[in-house]
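A short worksheet on the structure shown next.
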Protein chains: 2
Amino acid sequence: MMLRLIIKQTVMNTAKRGRPPKQARSFDDTKDALLLAGMAILTERGFNTVGIDHILKRVGVPKGSFYHYFKNKDDFGLQVIQHYDQYFCAKLRRCFNSDPEHPVNGLKLFIDEAVEGMEKYRFTRGCLIGNFGQEMPILSETFKHPLADCLQHWTDLLADNLKQAQALGHIAASANCDEQAEFFWIGWEGAILSAKVMQSELPMRKFAKGFLAQLISTEHAH
Amino acid sequence: MMLRLIIKQTVMNTAKRGRPPKQARSFDDTKDALLLAGMAILTERGFNTVGIDHILKRVGVPKGSFYHYFKNKDDFGLQVIQHYDQYFCAKLRRCFNSDPEHPVNGLKLFIDEAVEGMEKYRFTRGCLIGNFGQEMPILSETFKHPLADCLQHWTDLLADNLKQAQALGHIAASANCDEQAEFFWIGWEGAILSAKVMQSELPMRKFAKGFLAQLISTEHAH
DNA sequence: ATTATTATAGACCGCTCGTCTATAAATCAA
DNA sequence: TTGATTTATAGACGAGCGGTCTATAATAAT
């Protein structure tokens, strides 16, 4: 039976329980493939405007698979948000730790990468949380906390980074790092949105420039 | 026949050409009523997620009327944007001219009114342009310029206001008012979005505070 | 009067949505 | 080995969408 199992598995797939797909697939974790595609598609097109069929067609699985892994569309959306939060926090940690001697460079790296990403997808992919946020009024209540949590996670990570910069004397001792971090993410969401409207990196660059200028400035209005 | 005309008209309506509505309406300009409802509904729910039927039901007119006044849904959306731009620019002019001796107070008034408006609708109504902007990737190309134009109009109005404040010595002579105005609207879009996510006025207040702090600050980095 | 214009009324079609039921293979229990 | 269970894919289904269409009813023009 060991032999039989080996024969059954394709190059990419290991034999699995359940009804096998009609045609071989390029992945072996259907749920993960759906979440990955969901992140990309929902980041580009939002939640309510995207049909499940759209995601299914991209991944190449039938509808039944979707409803096997997810209770409903909301459940899927929530799990996509969770995946995105993990992905994004990991990205932030990597950027913020990239230059421990100059923590502010970590933020600059993040900004540069964000600009690169926006250009790569020609300003069609913004921020998943921003998309969901814009749709808040028509989303189920269950989305409220997960979305707010994401912003809080990012704020915490950035505040930490700024405090490190402050300890090194790179930003004014009088600066309130928590407030600065909140200010950054509030504005950054607008920068992504504006970049989509203008189809240009300029809003991102302009916001970053303004934020960094007042951050580095040693004098602050009381 | 003069008498007959007077008899025919209801309290609110004047006699008009064309087939009369089955039941009397509370408005006499159907197109305007559709645009007004469109502004409110699209500001709350976005463009692609809202069906024409939704707007028709709110206004109480049949589909035939919609397609009499608008070529298609895109045409409607574009005209709603145009209306919103006029409404919003008028609001800005009123606020910015409210205290000519202290132009910065005009911006503060705008911010206060925006917070009031967000609270009034319990953070369900944000910015129409922000909503459309978030949907850019799935909108027809025809939306691109009108949306960007709105942001430009607002930037021009704010830049003017800031220049007046600068002339009065209320903000630093070294400040670049055009850049400051751009910075404000970029970030403000994010503040509205964040307020929707958090269902709180705090993001708007925090962004406003940060923006005004660096604006008023007399010292600017190099 | 007759025709043209304006505007409302709502049926209809093709398409897509989210849900649901059926099917097929692997595994487990006896 | 065989039947029940679990896992996963397959696709049918009804509801609702946007947009078009024809029909209708009033005024205005000739």
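Naming convention: chains lettered A, B, ... in sequence-line order (proteins, then strands); numbering from 1 in each chain. Just so it is clear, the structure is predicted and the values come from calculations on it, not from any experiment.
- A distance of 13.5 Å separates CD of B:Glu189 from CD1 of A:Ile192, quoted to the nearest 0.5 Å.
- Regarding contacts with the backbone of D:dT7, every side-chain N or O of A:Tyr69 stays at 4.0 angstrom or more from both OP1 and OP2.
- Atom pair B:Lys71:NZ and D:dT20:C1' shows a separation of 15 Å (rounding to whole Å applied).
- The B:His68 side chain lies nearest to C:dT8 when the options are D:dA10, C:dT8, D:dA8.
- Rounded to a whole Å, the CZ atom of B:Phe70 is 15 Å from the P atom of D:dT20.
- What separates CG of B:Leu34 from P of C:dA7 is a distance of 13 Å, to the nearest Å.
- A distance of 11.0 Å separates NZ of A:Lys31 from CZ of A:Phe66, quoted to the nearest 0.5 Å.
- What separates CZ of B:Arg45 from P of D:dC17 is a distance of 11 Å, to the nearest Å.
- In this model, the phosphate group of D:dG11 is approached by a side-chain N or O of A:Lys22 to a distance below 4.0 Å at OP1 or OP2.
- Contact check, A:Thr30 against D:dT9: a side-chain N or O comes under 4.0 Å of OP1 or OP2.
- Across all strands, B:Tyr67 comes closer than 4.0 Å to base atoms (heavy-atom distances).
- Nucleotide D:dG19 holds its P atom 11 Å from the CG atom of B:Asp75, rounded to whole Å.
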Output one line per pair: protein atom, nucleotide atom from nucleotides 13-17 of chain C, and distance, for all N/O pairs under 3.5 Å.
{"from": "C:dC17", "atom 1": "OP2", "to": "A:Asp53", "atom 2": "OD2", "distance (Å)": "3.4"}

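- In this structure, CZ on B:Phe47 lies 8.0 Å from CD on B:Glu135, to the nearest 0.5 angstrom.
- Salt-bridge formation is detected for the pair B:Arg205/B:Asp112: a Lys NZ or Arg NE/NH1/NH2 atom is positioned less than 4.0 Å from an Asp or Glu carboxylate oxygen.
- The side chain of A:Pro62 has D:dG11 as its nearest neighbour among C:dT19, C:dG10, D:dG11.
- Ring-centre distance between B:Phe88 and B:Phe110: below the 6.0 Å cut-off.
- Going from atom CD of A:Gln180 over to atom CG of A:Leu162 covers 7.0 Å, rounded to the nearest 0.5 Å.
- Ion pair B:Arg94/B:Glu113 flagged as a salt bridge, since at least one NZ, NE, NH1 or NH2 atom sits closer than 4.0 Å to an Asp/Glu carboxylate oxygen.
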